[in-house]
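Here the structure comes first, spelled out in structure tokens, and everything after it is commentary.
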Amino acid sequence: MNAILTALVCVILLNAYAALLILLRAKVYGVPLYRPMLVNIGLSLAPVALAFVGLIGFLLVAPAALSLVSISATLPAAAVWIYLGVVTLVWLVFFPNSIYLITELNFSHRREHTPVPLWYDIVHTLTLTGSGLANAVLSLALIQFGLIVVIADPAAGSGPPGWSWIFAAGAILLGSVGVYLGRYLRLNSWDVRHPATLIRKLRDHFAARGKALEGVAFVATHTVLVALLYVPIFGLAYTAILS
């Protein structure tokens with residue numbers, strides 16, 4: 001638990017530093033505050049908050065949770081699965097908001113003849129992107145580890161179970177899809193409340209020539225990038241927690 005709390009504190013500090021650089025950009029160089037970046041930081045932190053609160057809530061309800069057998073003695077198995085299913089689904093809806101900060105590297109906030117030095121915008125945008133990736137990695141790690149604790153005994157194997165990696169890969173893939181939909185169709189997590197409108201926008205967008213190939217390329221490249229960052233970090237953290 002100490003390792004999880006340490007990671008959470010470090011991620012929060014990285015987000016705070018990103019926000020500070022955005023505020024200082026406006027204050028020091030006398031340019032308008034770019035509020036969308038601040039909003040995106042808050043949205044990017046949402047998956048971390050959901051994963052952390054969900055995990056803590058589960059541990060409070062089932063403090064002896066080491067396997068499905070031990071949980072069943074405390075709670076009905078159906079209640080456990082319903083709780084996990086709801087938490088994971090809600091988290092997955094907001095998960096793309098963290099990965100989305102990769103797209104801030106397009107420097108769309110810069111204006112011609114801006115007094116802000118390019119080096120400052122490079123550092124502040126990289127920090128913002130890094131905070132998003134850190135949020136994505138931490139929140140996914142919390143969910144993956146939580147599922148391992150529930151479904152299997154973490155101490156029984158030499159590493160994370162194969163099925164948990166499949167779950168993580170699926171989450172990263174869906175997260176990248178969400179980033180594409182957010183960047184090019186301007187969809188948000190809460191648009192899932194209107195499935196008919198969502199389907200219509202998807203149909204109209206991908207009906208255009210070349211959009212399907214563009215979408216596949218975008219999703220594939222982003223998925224590989226996030227996966228290459230996530231796998232070694234989670235693998236090392238998993239070993240450290242159980243050692």
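Computed over heavy atoms, backbone and side chain alike; hydrogens, waters and symmetry mates excluded.
- Put simply, the side chain of Asn97 does not reach to within 4.5 Å of the side chain of Leu45, judged on heavy atoms.
- In this structure, CD1 in Ile102 is found 11.0 Å from CG in Leu128, a value given to the nearest 0.5 Å.
- Counting only residues at least two apart or in different chains, salt bridge (Lys or Arg N to Asp or Glu O under 4.0 Å) contacts with residues 179-193 are absent.
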Counting only pairs under 3.5 Å, give me each side-chain donor-acceptor contact of residues 22-30, with atom names and distances, residues two or more places apart or in other chains.
residue : atom : partner : partner atom : Å
Arg25   : NE   : Asp121  : OD1          : 2.6
Arg25   : NH2  : Asp121  : OD2          : 3.1

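- Between the Thr127 side chain and the Val123 main chain, a donor and an acceptor come within less than 3.5 Å of each other.
- The same ILVMFWY cluster, assembled from side-chain heavy atoms under 4.5 Å apart, contains both Tyr184 and Leu181.
- Between Phe234 and Tyr230, the two ring planes are parallel [angle under 30°; tilted spans 30° to 60°].
- No side-chain heavy atom of Ile99 sits less than 4.5 Å from a side-chain heavy atom of Asn135.
- Taken together through direct or relayed side-chain contacts under 4.5 Å among Ile, Leu, Val, Met, Phe, Trp and Tyr, Val53 and Leu92 form parts of separate hydrophobic clusters.
- The line from CG of Leu187 to CG of Leu202 is 6.5 Å long, rounded to the nearest 0.5 Å.
- By the rule that hydrophobic residues join a cluster once side-chain heavy atoms approach within less than 4.5 Å of another member, Val177 and Ile172 end up as members of one cluster.
- Inter-residue side-chain proximity for Val11 and Ser131 is flagged as unmet; no heavy-atom pair is nearer than 4.5 Å.
- For the pair Thr221 (side chain) and Phe218 (backbone), a donor-acceptor distance under 3.5 Å is present.
- Both Leu20 and Val31 belong to a single network of hydrophobic side chains, linked directly or stepwise wherever heavy atoms of I, L, V, M, F, W or Y lie under 4.5 Å apart.
- Residues Leu55 and Val87 fail the side-chain proximity criterion, which asks for heavy atoms closer than 4.5 Å.
- Every residue meeting the side-chain hydrogen bond (donor to acceptor under 3.5 Å, both in side chains) condition with Ser139, not counting sequence neighbours, appears here in chain and number order: Trp91.
- A chain of hydrophobic side-chain contacts below 4.5 Å, direct or via other Ile, Leu, Val, Met, Phe, Trp or Tyr residues, connects Ile233 to Phe95.
- The closest side-chain heavy-atom distance from Arg111 to Val116 is not below 4.5 Å.
- For Tyr83 (side chain) and Gly54 (main-chain N/O), a donor-acceptor pair under 3.5 Å exists by modelled atom type.
- Sorted by first and then second residue, the side chain to side chain donor-acceptor pair (under 3.5 Å) pairs with a member in residues 32-42 read Asn40-Glu104; sequence neighbours excluded.
- Taken to the nearest 0.5 Å, the CG atom of Leu126 stands 10.0 Å off from the NE2 atom of His124.
- Counting all heavy atoms, side chain and backbone alike, Ser44 lies closest to Ser98 at O-OG, 2.6 Å.
- Between the side chain of Tyr100 and the backbone N or O of Ser176 there is no donor-acceptor pair closer than 3.5 Å.
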Please set out all donor-acceptor pairs under 3.5 angstrom arising from side-chain atoms of residues 160-167, sequence neighbours excluded.
residue : atom : partner : partner atom : Å
Ser164  : OG   : Gln144  : NE2          : 3.0
Ser164  : OG   : Pro161  : O            : 2.6

List the steps, then state whether side-chain contact (heavy atoms from CB on, under 4.5 Å) holds for Tyr238 with Ile148.
-> CA-CA 11 Å; Tyr238 186 88; Ile148 293 173; 3.7 Å; yes
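- The shortest side-chain heavy-atom distance between Leu101 and Met37 does not fall under the 4.5 Å cut-off.
- The list of side chain to side chain donor-acceptor pair (under 3.5 Å) pairs with a residue in residues 197-207, not counting sequence neighbours, reads Tyr180-His205.
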side-chain contact (heavy atoms from CB on, under 4.5 Å) between Leu43 and Asn188: does it pass, once the steps are laid out?
-> CA-CA 10 Å; Leu43 291 173; Asn188 297 298; 5.6 Å; no
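- Separating the CG atom in Asn15 from the SG atom in Cys10 is a distance of 11.5 Å, to the nearest 0.5 Å.
- With hydrogens and angles disregarded, a donor-acceptor distance shorter than 3.5 Å links the side chain of Asn106 to the backbone of Ser108.
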